[in-house]
Amino acid sequence: MKKQVPILLAVVASLCPVVGFLLPQPWVDEWMNRRLDEWMVIIASFALVLGVVSVVQVNLHKVRRRSRGWGFSLALLLSLGIMSAFGLFGGQGERADGSLHPFTWVFQFAFSPLQATMFSLLAFYVASASYRAFRVRNVEASLLLVGAVLIMIGRIPLGQAIHPLVPQIAEWIMQFPNTAAQRGIIIGAALGAAAMSIRVMVGIERPYLGKS
Amino acid sequence: MKLARKLLLIDRRIIFLLVLAGAVIPILFPIGLAVQVSPPVRAVFQRVEALRPGQTLLLSFDYGPSDGPELDPMADAILRHCHKRGVKVVGLSLFPLGGVDMAFARLRQLATELGARDGEDWVNLGYKDGGQAAMKAMGDNLALVFPVDANGVPVGEIPLMRAVRNYNDVGLAVSLATSVLGEWWINLVNAQFGVDVAVGTTAVSAPKYYAFMEAKQAVGVIGGMKGASEYEELVAEAYPDLAGLSRTATVGMDVQSIVHLVILFFILFGNAMFLATRRTRQEA
Amino acid sequence: MRVDRRGSGTIGRRPGRRGAARGALALLAALLAGGGLSGAGAAPAAGSDRENPRPLAATLAVADTPADGGSSLTLTWDGARLAAALAEAHGEAEDPAAAEEAAKEAAEEGVEEGAEEAADEAVEEAADAAETRAAARAGALPAPGAGEVDVERAAAGDTAFARIASVPASAGRFVDEGLERTTTYRYRLTGRGAGGRLLATPPTPPLAPRVNAFRTRRLNALAAMVFMGACVVGLILRARRGGQIYIRRISGLDAIDEAVGRATEMGRKILYIPGIISVNEPQTLASLGILGYVAKLTARYGTELEVPNIDPLTMAAAREIVKQSYMEEGHPEGFREEMVHYITGDQFAYAAAVNGIMVRDRPAANFLLGWFAAESLLLSETGQSIGAIQIAGTAQVTQLPFFVSACDYTMLGEELFAASAYLSRDPLILGSIAGQDVMKAAILAAIVLGVVLSTAGVAGFAAWFTAL
């Protein structure tokens with residue numbers, strides 16, 4: 001019973017969107033699309049509480065035990081408390097006088113730059129990864145290297161300055177060989193995902209029950 | 001050859017330093033290289049150009065501050081284009097940070113710049129959680145998902161929203177997307193509701209959208225800062241009175257050019273060292 | 001469907017000279033007829049004229065739009081005939097038969113337009129249709145242009161017809177959407193004759209939209225679903241009866257034991273990152289399947305395992321899986337809840353936190369399996385810099401190059417989904433993998449056939465794969 005009921009629920013819930021996709025009846029749309037989607041959003045929102053509890057538990061534990069890096073955990077807990085307070089009681093956006101509410105201020109002047117910084121690290125990591133990865137070890141790797149060089153030059157204005165054909169070659173590589181490879185992987189992955197979904201739908205695979 | 005072997009294992013922090021120099025120097029000393037427009041970006045521009053004045057473009061800010069440097073210039077260029085042509089803009093976000101910051105900042109700034117009126121020429125519906133669920137529900141009625149706009153005004157009281165009930169009333173949906181949201185706009189909104197969808201995305205995500213574009217599931221793709229600079233160029237060409245406005249992506253292309261060259265240098269340098277050490281190994 | 005945009009009065013609009021002249025003529029005609037400019041658009045609308053219009057020689061039919069949820073009706077008429085009748089009424093064609101012929105020719109020319117022009121046209125038509133509906137709702141339609149007719153509608157209880165759109169007379173079809181199922185509607189098409197005289201088709205009988213049984217446009221999707229379902233279930237049944245199913249070697253999965261063994265020998269932890277999307281993503285489910293296997297190994301060897309999460313639902317499922325694995329291995333005491341914990345819902349904050357864990361705790365093995373975006377390289381490069389053995393897998397094509405360059409083993413696309421079958425060797429799951437391969441072969445055959453037929457100029461086959 002403990003197993004059958006969740007499996008039955010999962011099977012029914014997974015069939016609902018399929019039925020909703022095919023049948024246009026209003027009650028089908030209401031119950032199998034709209035309501036189910038709403039429930040998903042509600043469940044996800046409640047699950048966030050689980051997440052916050054986990055964050056507090058794990059980091060409080062670290063601070064109490066003075067584990068390695070406990071200072072970071074303390075900073076995290078303080079930030080969590082302060083931002084929650086700002087968000088709940090301090091308002092958002094601009095005040096009438098044009099000044100920013102504390103939540104928006106921290107968001108704009110602390111969070112946003114930190115986010116941009118993290119993303120910009122990619123440029124550095126791409127450089128070091130490319131340095132390691134692009135080696136003319138064999139014919140295939142050499143072709144890959146030539147393609148990469150053409151794309152990198154073709155995607156910047158310098159490519160046009162070198163020769164008008166360079167950006168066109170880059171675009172051709174993006175449009176045809178790239179698209180062909182992408183499609184191959186996308187079709188395979190989509191079929192894999194569909195087969196995985198069928199396994200979950202018929203209860204052969206049950207990761208939601210803690211059964212892998 | 002010891003030197004070559006040593007250089008092959010160069011400390012990555014040296015690479016980082018040179019990349020940093022490549023990024024900073026063009027900001028201090030701009031080069032101003034010309035931008036050439038690629039077909040995927042031109043396709044998006046032409047589709048927006050095909051919208052009649054008074055028609056609605058749905059602009060979804062599905063990105064956060066981390067992607068701002070690449071996607072903000074796209075938002076700016078598209079908004080300028082729409083405001084200039086009299087195309088109405090319904091802004092929204094299905095990415096949490098997009099609703100908090102990106103949509104607020106871009107829509108307001110550009111509206112101020114071109115004198116577009118809130119609620120009549122554009123509206124910011126804010127953020128809604130739910131991703132695909134929200135996209136599906138909007139196909140039925142936008143007001144179900146966004147009963148009020150970002151300022152808390154009921155959508156029924158917003159003049160612009162009286163003419164926009166669902167996707168049927170939208171001429172084009174543009175998702176400026178990071179993460180999986182751009183794909184969802186194509187796979188769900190275009191596939192199930194038949195709405196034309198264009199995607200603006202980071203350079204790293206752009207290649208996968210070519211497959212969708214070639215399959216006519218997406219009108220076009222604006223990829224990264226390069227794509228944004230191309231859109232800026234197209235807007236400046238078509239509307240010379242807008243050419244004088246800030247073009248952050250075009251300026252950023254100098255940085256991208258130099259950093260690409262730095263990376264290229266390291267790739268070629270690495271290969272030279274690799275070949276040198278390989279020859280020594282073979283001789284040995 | 002084209003709609004005239006004259007008079008919309010927005011920035012950058014440059015009406016053509018011909019259009020402007022016709023607009024001026026219409027205005028003059030309106031003033032001469034004594035009609036005002038009030039109401040929808042600037043069309044002349046004398047009260048008696050609207051009540052007793054001259055008949056327009058065309059038959060308008062209304063029917064329920066098939067395969068929808070009961071929110072629209074479809075109007076059809078003989079486009080060529082109506083265009084000819086309208087032209088005749090305008091006095092622009094002396095011979096109605098010739099006008100009809102001309103309209104037909106114009107329609108044929110439209111069909112013969114180049115592919116590019118047709119595409120542009122489709123784009124504009126889509127744009128126009130949306131605009132028409134929106135403008136109708138706003139009650140601000142511009143006046144109809146030459147060769148256009150107004151679509152007028154009267155709902156049950158309405159005393160008069162109201163204009164809802166302007167369409168080319170030759171269009172022959174109009175779909176009125178956003179209707180109520182409980183109301184009946186009547187329609188007529190109206191146009192202007194010489195002197196601005198109103199002409200109208202006889203009104204259609206009242207009709208209410210109907211809910212249809214099935215979305216026939218999605219029949220192709222259903223056929224694909226049934227075919228794939230049959231393949232998967234058929235091969236599962238075959239596997240259940242003892243049929244042998246071969247699965248090729250996946251080195252990334254073979255390396256799991258090696259990675260766990262290495263971490264055990266080094267006395268360091270294993271970091272398992274299940275991607276950045278919730279459990280509604282199949283890649284996350286596939287990753288959770290592998291997590292179960294990894295957790296069993298760590299339980300068996302007493303190796304430390306940490307699973308940081310970006311999504312609370314994934315965290316809940318992962319926690320159950322790890323707990324279950326420890327119990328199945330007979331080491332429930334080895335499981336602690338904080339092994340599987342939540343970090344944040346933000347992509348880059350999550351990447352920063354996991355990088356911090358990597359740099360501080362120096363795990364011996366990193367598993368990066370699931371749905372990843374731009375953080376893939378941030379995580380895998382940091383893992384590479386600390387010398388951890390890294391096993392990655394994703395179906396995100398844009399992230400695969402990063403994983404390939406920074407990780408020791410990478411599962412590409414569908415290999416990730418095959419993991420549970422590969423690791424468990426469960427014949428039922430293996431059967432589903434084989435079913436998936438049959439579907440792939442069918443798709444491949446359809447692609448080849450489509451290419452051949454399209455190249456040979458046989459149309460129609462490709463259309464099965466778009467909405468019907």
Side-chain angles (χ1 to χ4, degrees), chain A residues 18 21-26 29 40 43-44 47-55 57-58 61 68-69 72 76 114-115 117-119 121-122 125-126 128-130 132-134 181-182 184-200 202 204-205 207-212, chain C residues 67-70 211-212 214-215 218 221-222 225 228-229 232 278-279 282-283 285-286 288-289 291-293 312-313 315-317 320-321 323-324 338 341-343 345 348 351-352 356 360 374 377-378 381 395 397 402 405-406 412-414 416-418 420 428-429 432-433 435-436 439-440 443:
Chain A
V18 179
F21 177 76
L22 296 168
L23 303 184
Q25 277 81 4
D29 191 45
M40 199 172 88
I43 291 168
L48 198 59
V49 178
L50 271 181
V52 174
V53 169
S54 167
V55 166
Q57 270 180 349
V58 169
H61 188 69
R68 195 151 46 127
F72 297 115
L76 188 148
L114 284 170
Q115 287 269 311
T117 306
M118 280 304 292
F119 193 46
L121 282 180
L122 263 186
Y125 285 6
V126 162
S128 65
S130 310
R132 264 201 333 272
F134 285 118
Q182 300 266 354
I185 298 175
I186 288 173
I187 291 173
L191 286 172
M196 173 91 204
S197 304
I198 291 174
R199 292 202 294 269
V200 174
V202 297
I204 294 176
E205 242 177 290
Y208 49 88
L209 280 182
K211 173 92 185 144
S212 49
Chain C
D68 79 338
V211 178
N212 294 281
F214 187 77
R215 289 188 211 274
R218 293 178 180 173
L222 177 67
M225 273 190 245
M228 174 141 187
V232 170
S278 192
V279 280
Q283 293 183 56
L285 290 175
L288 290 177
L291 172 64
Y293 181 78
L313 282 175
M315 180 198 77
E320 275 306 303
I321 282 175
K323 191 177 174 182
Q324 183 78 19
E338 61 264 31
H341 61 97
Y342 179 74
I343 288 189
F348 287 111
R360 280 192 301 276
L377 188 65
L378 300 181
E381 266 293 290
V397 276
F402 296 142
S405 61
L412 307 174
E414 62 205 289
L416 178 66
F417 296 113
S420 53
L428 298 186
I429 307 178
S432 75
I433 304 285
Q436 171 192 327
M439 185 72 186
K440 196 193 274 184
I443 289 178

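So you know, we letter chains A, B, ... as the sequences are listed, proteins then strands, and number each from 1.
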*Does the pair A:Val18 and C:Met225 meet the rule for a side chain to side chain contact (heavy atoms under 4.5 Å, CB included), with working shown?*
CA-CA 9 Å; A:Val18 179; C:Met225 273 190 245; 3.6 Å; yes

*Given side chains that start at C-beta, do those of C:Leu416 and C:Gln283 come closer than 4.5 Å, heavy atoms only?*
yes

*Which atom pair, heavy atoms only, marks the closest approach of C:Ala418 to C:Ile433?*
CA-CD1, 3.6 Å

*Mind ranking A:Gly184, A:Ala189, A:Ala133 by heavy-atom pairs under 4.5 Å with chain C and telling me who comes out on top?*
A:Ala189

*Is chain A contacted by the side chain of C:Ala316, its backbone, both, or neither, given a heavy-atom distance below 4.5 Å?*
side chain

*C:Phe417 and A:Leu191, any side-chain heavy atoms less than 4.5 Å apart*: no

*Look at A:Ser197, A:Ser130, A:Pro26, A:Gly69 and state which one has the largest set of heavy-atom pairs under 4.5 Å with chain C.*
A:Pro26

*Against chain C, label A:Leu121 side chain, backbone, both or neither, depending on which of its atoms sit under 4.5 Å from a heavy atom there.*
both

_Residue part contacting chain C, namely of A:Ala181, when any heavy atom lies under 4.5 Å_ = neither

*Using a cut-off of under 4.5 Å for heavy-atom pairs, which of C:Gly413, C:Ser405, C:Gly345, C:Gly435 has the most such pairs with chain A?*
C:Ser405

*Highest number of heavy-atom pairs under 4.5 Å with chain C: which of A:Leu114, A:Ile198, A:Val202?*
A:Ile198

*Is chain C contacted by the side chain of A:Leu122, its backbone, both, or neither, given a heavy-atom distance below 4.5 Å?*
both

*Heavy atoms only: give me the nearest A:Arg132-C:Ala406 pair and the separation to one decimal.*
NH2-CA, 3.8 Å

*Residue pair A:Val58 / C:Glu338: nearest heavy atoms and the distance that separates them*: CG2-CB, 3.8 Å

*Identify which of A:Leu50, A:Ile186, A:Leu22 forms the greatest number of heavy-atom pairs closer than 4.5 Å to chain C.*
A:Leu22

_Interface moiety of A:Val52 toward chain C, non-hydrogen atoms closer than 4.5 Å_ = backbone

*Shortest non-hydrogen separation from A:Arg199 to C:Ser432 and the atoms involved*: NH1-OG, 2.7 Å

_For C:Met315, which atoms come within 4.5 Å of any heavy atom of chain A: side chain, backbone, both, or neither?_
side chain

*Heavy-atom count around A:Phe21 CZ within 6.0 Å, excluding the residue itself: above 12?*
yes

_Checking C:Tyr342 now: which residues fulfil ring pair (Phe, Tyr, Trp, His ring centres under 6.0 Å) with it, not counting sequence neighbours?_
none

_With a 3.5 Å distance limit and no angle check, can you tell me whether C:Gln436 reaches the backbone of C:Val232 through a side-chain donor-acceptor pair?_
no

_Can you tell me which portion of A:Phe134 sits under 4.5 Å from chain C's heavy atoms? Options are side chain, backbone, both or neither._
neither

_Heavy-atom pairs under 4.5 Å with chain A: which of C:Ile343, C:Asn212, C:Leu313 has the most?_
C:Asn212

_Interchain contact, C:Val211 with chain A, by part (heavy-atom threshold 4.5 Å)_ = side chain

_Engaged part of C:Ile443 at the chain A interface, taking heavy atoms whose separation is under 4.5 Å_ = side chain

